[in-house]
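Single-structure report; data block below.
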Amino acid sequence: MPKKMPTRSGLLNTAAIAAASGLFLYLGWLVLYRLALMPGLHADEARFGLASLDVLQRGIQTIHGVNHRTGAAYPWLVSVAFRLGGTSVWTLRSVGAIANLLAVALLTWSLHRYRSKRAVAFLLLIVVCSPFIVVNARVAWEVTALQFLLVSIQISILLGAIHQGRMNNGAGLAFAITSSLGVFNHFIFLSNLFAFFLSSACLYVLSASDSHQKTFASRLLHLSILTVAFAAILIVLKPIIGDAQRQWLVAVIFMVAFVLCFSSFVSRSSADFCEQMIARLCQRLAEAGKAILPLARHVQARQFGLATVITAAVIIGLMADFGGRSPWVLYTKHTWGLLGSLTSVLPLQRIMMHPLQDDYLIISHGFWIVLLGIYAWLTSRVILAAIKTKGATCDIDLIFYLYPIFAFVVLPIFVQLSSERYYLITCYLMVSCVPILLASPPSKEVFAYPFFQPKRPLAFVATGMLLLLILSDAISAQRTILASIGRDNSQTEGFTITYPGYSDTSLHFADTAKLYNDLKDQQVCRNIKANFFILEPLRFYRAIDGDRCSGNRYAQITYCESCSQPGDHFEVLVKNR
C-alpha cells in the first residue's frame with residue numbers, strides 16, 4: 001500500500017508540539033542552570049533551609065513554617081529533597097524550581113486540552129516575554145516555590161469543569177483542598193480565594209436567570225464561599241495551636257472544619273443556597289436603604305445634590321492622606337509594584353542583581369501596559385454585553401477575566417507594604433488568564449488573524465504593531481535573563497534599586513558563599529556581628545558544612561556597595577578574642 005502522506009494540519013500539529021517541547025527544555029535550562037550560584041542565597045531562603053534541616057533531623061515539630069503566616073509543607077518537602085539529594089543550596093532550590101516548571105507545564109496542557117492552540121501560543125509568548133517566572137523559580141521562598149503550581153491546579157480544575165459543563169463533587173473537593181493548601185502554605189493566598197469569590201459572584205449575578213450557566217455559576221459561588229470560610233478558620237486557629245504535642249488536635253480540628261464546610265457543597269443545592277444568600281442580602285440592603293432614605297431626603301431638602309455629596313465623599317476618601325494609607329496612595333503604590341513584577345524589572349534587579357538598560361525598561365513596560373489595556377477593554381466589553389442583554393450573552397469565561405483583577409484589588413487589604421514577592425500570585429493569575437481572554441470569541445472578533453484574513457485596516461495595523469512589540473519584548477527579555485544567569489554576582493557592583501513606591505538594595509542576594517569560605521579561612525565561625533540578611537545565610541552554610549569551621553576569632557560585617565573586601569560586597573572587620 002502506498003505510504004500515506006501527512007496532511008498540512010498534521011504537520012502543523014507536529015511543528016507546534018516540537019516548538020512547545022523545545023521551549024520547555026529551554027525554560028528548564030533557564031531555571032536549573034547555575035541554580036546554586038545565581039542568585040546569592042537570601043536570608044529567607046536560609047531560614048527555610050535551616051527549618052528543613054531541623055525537620056530532617058527531628059521530624060515535624062510544628063505545623064508552622066518559619067512563622068505563623070506560613071506552613072510546614074514546604075520545609076517538609078525540602079527535607080525530603082535533602083534526604084534524597086544531600087544538603088546543598090541546589091537541593092534547597094530544586095523543589096521550587098521543579099514545582100514552577102510543573103506549573104507552566106500543567107497550565108499549557110490544560111489550555112491545549114480544554115481550549116485551543118491559540119491559547120497555548122499566547123501563554124508561551126507571555127512566559128517568554130516575562131522572565132519573572134524563571135527568576136522567582138530560582139529562589140527558595142515558600143511564596144514562590146509552591147503557589148504557582150497550586151494556581152495552575154485551580155485553573156486546570158476550572159477549565160475542566162467549564163469544558164464538562166458541571167462542577168462535580170470530586171472537582172470541587174480537589175479545588176477546596178488546593179485552595180486550603182495554598183492558604184496553609186502562605187497567608188497571602190487568601191487574596192486568591194477572595195478574588196475567586198468575587199469573580200464567582202459577578203458571574204452569578206450577570207448570568208441569565210433559569211439558565212444552565214446560572215446553575216453552574218451558583219455551584220462556583222457556593223464552592224467559593226465554603227473555601228473562604230474554611231480558610232478563615234485556618235487563619236484564626238493556626239497561630240493559636242501548632243506545637244508537636246497538639247498536632248493531633250490540630251489535624252482533628254482542621255478535618256472537622258473542612259468536612260463541615262464541604263458537606264454543604266455535597267448535600268445542598270447550590271442554586272437554592274445562592275438564592276437564599278442573595279435574597280437575605282437584598283433584604284438587608286433594603287432595610288439599610290429604608291434607614292438611609294430619611295437622611296437622603298433631609299440632604300435633598302437642604303438643596304444639596306445627593307450625587308454631589310457622594311462624589312465629594314469618594315474623592316475626599318481617595319485623595320486624603322490618612323497617614324500615607326489612603327486608598328489612592330495605597331493602590332497607586334501597589335499598581336506600580338504589580339507592573340514592576342509583571343515586567344520583571346523588580347525581580348531582575350533585586351534577585352539577579354542585574355542593572356537594567358533603558359531599552360528593556362521601555363519595551364517591557366510598553367508591552368505590559370498595552371496588554372493590560374487590551375485585557376481591560378475586552379473584559380469591559382464582555383461585562384457591558386452581559387448587562388445589555390440581561391445575561392443572555394454572558395460569557396462563562398468571565399470568571400477568568402475577573403479573577404486576576406479582583407486578586408489585585410483585594411491584595412492591599414492583606415499587605416500594606418510594596419514588595420515584588422507579594423504580587424506573584426496576582427502576576428501568575430494574570431499570565432494564566434490573559435491567554436484565555438485573548439483566545440476567546442470577543443478577542444477573535446477584534447483580532448481575527450488579521451495577517452491572514454484582514455477585516456479592517458486599523459485592526460491589521462494595530463495587530464501588526466502588537467506582534468512587533470511582542471517580538472521586541474521577547475528578544476529583550478531573553479537577552480537580559482541570559483546575561484543575568486551567566487554573570488558572576490561576586491564581581492557585580494551593588495546598587496540601590498529605585499522604582500515608584502519601592503526602594504531597596506541589591507545586596508540582599510550577594511554572594512555569601514564566598515564570604516563564608518573567606519571567613520572560615522580566617523578562623524571566623526560563630527562570633528559574627530551582622531544584620532539578619534548577612535548572618536542567616538552564613539548560619540545555613542555552616543550547618544550544611546557540618547560545623548567543620550574551627551576558630552574563635554570575631555568579625556563585624558556590614559554591606560558595602562563599593563568595597564573589594566572578602567565577598568566583594570561586604571566590609572569585614574576581623575579581630576582576635
Main chain of Leu221, side chain of Ser224: is a donor-acceptor contact present, judged purely on distance under 3.5 Å?
yes

For a 4.5 angstrom cut-off between non-hydrogen side-chain atoms, does Leu220 reach Phe216?
yes

Side-chain heavy atoms of Tyr423 within contact of Leu346, under 4.5 Å
no

Donor-acceptor contact present, side-chain Arg350 to main-chain His508, <3.5 Å
no

Are Phe540 and Leu53 side-chain neighbours, meaning at least one heavy-atom pair lies under 4.5 Å?
yes

Specify whether Tyr499 and Trp336 have parallel, tilted or perpendicular ring planes, treating 30° as the upper limit for parallel and 60° as the lower limit for perpendicular.
perpendicular

OH/Tyr114 to CD1/Ile162 distance, rounded to the nearest 0.5 angstrom?
11.5 Å

Using 30° and 60° as the class boundaries, would you call the ring planes of Phe509 and His42 parallel, tilted or perpendicular?
tilted

Specify whether Phe148 and Tyr428 have parallel, tilted or perpendicular ring planes, treating 30° as the upper limit for parallel and 60° as the lower limit for perpendicular.
parallel

Can you list the steps and then say if Leu159 with Ile436 is a side chain to side chain contact (heavy atoms under 4.5 Å, CB included)?
CA-CA 10 Å; Leu159 286 170; Ile436 298 174; 4.0 Å; yes

Check the side chains of Ser156 and Trp109 for a donor-acceptor pair under 3.5 angstrom, ignoring hydrogens and angles.
no

Determine the minimum heavy-atom distance between Ala36 and Val89, stating which atoms define it.
O-CG1, 3.8 Å

How close do Leu181 and Ala73 get, heavy atom to heavy atom, and via which atoms?
CD1-CB, 4.4 Å

Do Asp397 and Leu437 touch side chain to side chain, with heavy atoms closer than 4.5 Å?
no

List the atom of Tyr360, the atom of Ser344, and the distance in Å for their closest heavy-atom pair.
OH-CB, 3.6 Å

Student check: side-chain heavy atoms of Tyr403 and Gln154 closer than 4.5 Å
yes

Do Phe367 and Thr343 have side chains that approach each other closer than 4.5 Å (heavy atoms only, starting at C-beta)?
no

When you look at NE2 of His365, are more than 12 heavy atoms from neighbouring residues, nucleotides or ligands closer to it than 6.0 Å?
yes

Okay, side chain of Ser364, backbone of Val345: is any donor-acceptor separation there less than 3.5 Å?
no

Backbone of Thr87 reached by a side-chain donor or acceptor of Thr91 within 3.5 Å
no

From Leu371 CG over to Met430 CE, what is the distance, rounded to the nearest 0.5 angstrom?
8.5 Å

Donor-acceptor contact present, side-chain Arg219 to main-chain Arg166, <3.5 Å:
no

So, Asn100 side chain and Thr144 main chain: donor-acceptor pair closer than 3.5 Å or not?
yes

With a 4.5 Å limit on heavy-atom distance, are the side chains of Ile155 and Ser110 in contact?
no

Would you check, one step at a time, whether the test side chain to side chain contact (heavy atoms under 4.5 Å, CB included) holds for Leu158 with Met167?
CA-CA 8 Å; Leu158 291 176; Met167 173 68 80; 3.9 Å; yes

As a test of understanding, state which of Ile374, Ile126, Leu125 forms a side chain to side chain contact (heavy atoms under 4.5 Å, CB included) with Val434.
Ile126

Classify the side-chain pair Gln147/Asn192 by whether it contains a donor and acceptor separated by less than 3.5 Å.
no

Please give me the minimum heavy-atom distance between Ser476 and Ile363, naming the atom from each residue.
CB-CD1, 4.4 Å

With side chain to side chain contact (heavy atoms under 4.5 Å, CB included) as the test, would you mind laying out the steps for Leu429 and Phe408 before giving the verdict?
CA-CA 10 Å; Leu429 274 173; Phe408 171 70; over 6 Å; no

Rounded distance (nearest 0.5 Å) linking atom CG of Leu193 with atom CG of Leu198
11.0 Å

Can you check whether Ile405 reaches Tyr375 side chain to side chain, under 4.5 Å on heavy atoms?
yes

One pair to check against side chain to side chain contact (heavy atoms under 4.5 Å, CB included): Ile383 and Leu206. What are the steps and the verdict?
CA-CA 8 Å; Ile383 295 174; Leu206 293 174; 4.2 Å; yes

Of all heavy-atom pairs linking Ile485 and Arg34, the shortest is O-NH1, 2.6 Å

Which value, rounded to the nearest 0.5 Å, describes the distance between Asn136 atom CG and Ile351 atom CD1?
4.0 Å

Under 3.5 Å, is there a donor-acceptor pair between the side chain of Gln478 and the main chain of Val128?
yes

What's the separation between atom CG in Leu102 and atom CD1 in Ile153, rounded to the nearest 0.5 Å?
9.5 Å

Rounded to the nearest 0.5 Å, what separates atom CZ in Phe406 from atom CZ in Phe194?
13.5 Å

State, to 0.1 Å, how close Gly40 and Arg93 come at their nearest heavy-atom pair, and which atoms those are.
O-NH2, 3.1 Å

